[in-house]
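Any value given below was found using the heavy atoms of this structure, including those in side chains, with hydrogens, waters and symmetry copies removed. Each chain gets a letter, A, B and so on, in the order its sequence line appears, and its residues count up from 1.
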Amino acid sequence: MSPDPTLLDDLEWRGLIAHSTDLDALREALGERSVRFYVGFDPTAPSLHLGNLVQILTARRLQDAGHTPYALVGGATGMIGDPRDSGERILNSLDTVKEWVERVRHQIEPFLSFDGANAATMVNNYDWTASLSTIDFLRDIGKHFPVNRMLARDVVKSRLEAGISYTEFSYVLLQSMDFLNLYRDHGVTMQFGGSDQWGNLTGGVELIRRSDGGKAHAFATPLIAKADGTKYGKTEGGALWLDPEMMSPYSFFQFWLNVEDEKVGELLRIFTFFGREEIEELEAQHREKPFLRLGQKALAEHVTSLVHGAEETERIKAAAAALFGGGELSGLGADTLCAALREAGSVTVDSAEGLPSVVDLLVQTGLSKSKGDARRTIGEGGAYLNNTRIDDPDQVPSAADLIGGAWLVLRRGKKNFAGVEVT
RNA sequence: GGCAGGUUGCCCGAGCGGCCAAUGGGAACGGACUGUAAAUCCGUCGGUGUAUACCUACGAAGGUUCGAAUCCUUCACCUGCCA
């Protein structure tokens, strides 16, 4: 199978290449034959997140263009920990890492194709690292790493004051060894990763050259940050997880829908499979009438479909349309409302002993984290029952408030909805 | 192994016997303005039906004291210097 020669241009246009080894050599390699490449994911949490999605989708783009993916989960590297600026990591137990490896593996699989001439392969670096002897490791791998060069790496430099363990310092050797092993055993000649991985990526390229005299390539994708340069991921109280248990698909969709104007074009390029013309058209429309938020809508719909499926996305869109419609809630059919609130999040309450107060309901739905917080929100004028501002914290909903005889709609602020089903 | 320093709320970081639920910054949250955008301004930011109160919290466990985030002891972890 001959690869798509325009791939690299497309990746560049999308801004997916933040750094790379010799770009011309890379272009030549990718344009002429089907390249075997790898991308790794360390199990540092039970779920992958937004940043990892960039890698997953990039892997998919490469596969679609005719190249062969090796998706690596870091059963070994996850035991060690990649150094980061914020300081030494707490080591996780083997059992925890093993469990997370499985979860991460299942999150990646749906995005790649495991059939055909360039079928993907899942690998785990635990398989070739766990049994490695220290002597072999130090002689065969360690010998190729000058410590002076390792010390010059930015992450390491930034940690020299605060301290860095030998464990984390050695991380780059393990990841480089992964590349070497995949190069030797599977003919893998390219690796990519997030730009924070750049040092680890080049470490592997260099090891292959020093150890086997081989030529390998690497590139890094950009870090995804907000328009002001700060990190995404602390929205609505948590990171942007791909696991629906850890972040509801509804919230996931809402995140994309609320992206700043300045970021729409960039995110469309990175996170969607829309073509160049399609995206440029969307950007043009967006520039002209930003208040329509067509870009955000397309982005939210596309990415949510990729991660959570088209059906779920339709349900979320219907839910958001109902809740944000601005019209009278009682005008909505009970079925519509019920479905919408289930998407947005809802709790069930037994009315046998009378309805709880609005304060209790805010807490039960999770809109407020404590009664004090709920009272505060009400005091600030930020709490609504059925789209009417609540001003008395002691208010108790009455039977007349029940929409369709069973539902209450609570809202905190402008866009946090939750339903209460009364039985 | 020895000596010295550190561990504070979501994060960073002050406090060093009572005036400490703990200064300040960031993040976050609510309001106003809007387009479920950004910027700006205002407000909030441990819990409790609101209390000169009680509970929980300043790495963990004990202790001294009328009173401890602050002093002492032991333990864990981190850092530096010396072996």
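When rounded to the nearest whole Å, the span between CG of A/Leu294 and C1' of B/rA37 equals 13 Å. As rounded to whole Å, 13 Å separates atom P of B/rG31 from atom CD1 of A/Ile378. When the P atom of B/rG31 is taken as reference, atom CG of A/Asp391 falls 14 Å away, rounded to whole Å. Rounding to whole angstrom units, CD of residue A/Glu266 and P of B/rA38 are separated by 16 Å. For A/Phe324 and B/rG35, the CZ to C1' distance is 12 Å, given to the nearest whole Å. Whole-Å rounding puts the A/Asn416 CG to B/rG30 C1' distance at 10 Å.
Between the side chains of A/Gln197 and A/Gln191, not a single donor N or O lies within less than 3.5 Å of an accepting N or O.
No cation-pi contact links A/Arg412 to A/Tyr384, judged by a cut-off of 6.0 Å to the six-membered ring centre and 45° from its axis.
Position along RNA chain B of the nearest nucleotide to A/Leu257 versus A/Arg411 favours A/Arg411 as the more 5'-ward residue.
Nucleic acid contact for A/Tyr384: sugar-phosphate only, since backbone atoms but no base atoms lie under 4.0 Å from a heavy atom of the residue. Within the 4.0 angstrom heavy-atom criterion, no nucleotide atom of any strand lies near A/Ala383.
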(request) Dump the intermediate steps for salt bridge (Lys or Arg N to Asp or Glu O under 4.0 Å) on A/Glu206 and A/Arg210, then the final yes or no. (result) CA-CA 6 Å; A/Glu206 206 161 312; A/Arg210 285 166 179 263; 3.4 Å; yes

(request) Evaluate the criterion ring pair (Phe, Tyr, Trp, His ring centres under 6.0 Å) for residue pair A/Phe417 and A/Phe324; output intermediate values, then yes/no. (result) CA-CA 10 Å; A/Phe417 288 92; A/Phe324 287 99; 5.1 Å; yes

(request) Could you go through the side-chain hydrogen bond (donor to acceptor under 3.5 Å, both in side chains) check for A/Asp185 and A/Trp128 one step at a time? (result) CA-CA 11 Å; A/Asp185 299 345; A/Trp128 57 78; over 6 Å; no

(request) Check the pair A/Asp42 / A/Tyr171 against side-chain hydrogen bond (donor to acceptor under 3.5 Å, both in side chains), numbers first and verdict last. (result) CA-CA 12 Å; A/Asp42 270 2; A/Tyr171 181 95; 2.5 Å; yes

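To the nearest whole angstrom, the two P atoms, one in B/rA57 and one in B/rG47, are 15 Å apart. A gap of 26 Å separates the C1' atoms of B/rG6 and B/rG18, to the nearest Å. For the C1' atom pair drawn from B/rG17 and B/rU65, the interatomic distance equals 9 Å after rounding to whole Å. Rounded to a whole angstrom, the distance from the C1' atom of B/rC42 to that of B/rG49 is 28 Å. B/rC10 sits 14 Å from B/rU23 when the P atoms are compared, rounded to a whole Å. Rounded to whole Å, the separation between the C1' atoms of B/rC55 and B/rA21 comes to 11 Å. A distance of about 15 Å separates the C1' atoms of B/rG46 and B/rA69, rounded to the whole Å. When the P atom is compared between B/rA61 and B/rU8, the two are found 16 Å apart, to the nearest whole Å.
Ring centroid separation for the pair A/Tyr70 and A/Phe37 does not come in under the 6.0 Å cut-off. Between A/His19 and A/Phe219, a ring centre-to-centre spacing not shorter than 6.0 Å is recorded.
The pairing partner recorded for B/rG62 is B/rC72, the criterion being a Watson-Crick or G-U wobble arrangement whose two distances lie under 3.5 angstrom. A 3.5 Å limit on both hydrogen-bonding distances identifies B/rG31 as the Watson-Crick or G-U partner of B/rC41. Across every strand in view, B/rG24 sits in a pair with B/rC12 that passes the Watson-Crick or G-U test at under 3.5 angstrom. Across every strand in view, B/rA4 sits in a pair with B/rU79 that passes the Watson-Crick or G-U test at under 3.5 angstrom. The pairing partner recorded for B/rC54 is B/rG47, the criterion being a Watson-Crick or G-U wobble arrangement whose two distances lie under 3.5 angstrom.
Residue A/Asp373 forms a salt bridge (charged side-chain N to carboxylate O under 4.0 Å, His left out) with just one option from A/Lys369, A/Arg375, A/Arg376, A/Lys371, and that option is A/Arg376.
Near RNA chain B, meaning a heavy atom under 4.0 Å away, the residues from residues 286-293 of chain A are A/Pro290, A/Phe291, A/Arg293.
Atom CZ of A/Phe271 has more than 12 heavy atoms from other residues, nucleotides or ligands within 6.0 Å.
When all heavy atoms are compared, the tightest approach of A/Asn124 to A/Val73 is OD1-O, 3.1 Å.
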(message) Within the 4.0 Å limit for protein heavy atoms, which parts of nucleotides 40-53 of chain B are touched? Write it as a string from 5' to 3', B for base, S for sugar-phosphate only, - for none.
(response) ---BSS-SSBB---

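Nearest nucleotide to the A/Arg412 side chain, out of B/rC29, B/rG31, B/rG35: B/rC29.
Contact check, A/Lys414 against B/rA37: a side-chain N or O comes under 4.0 Å of OP1 or OP2.
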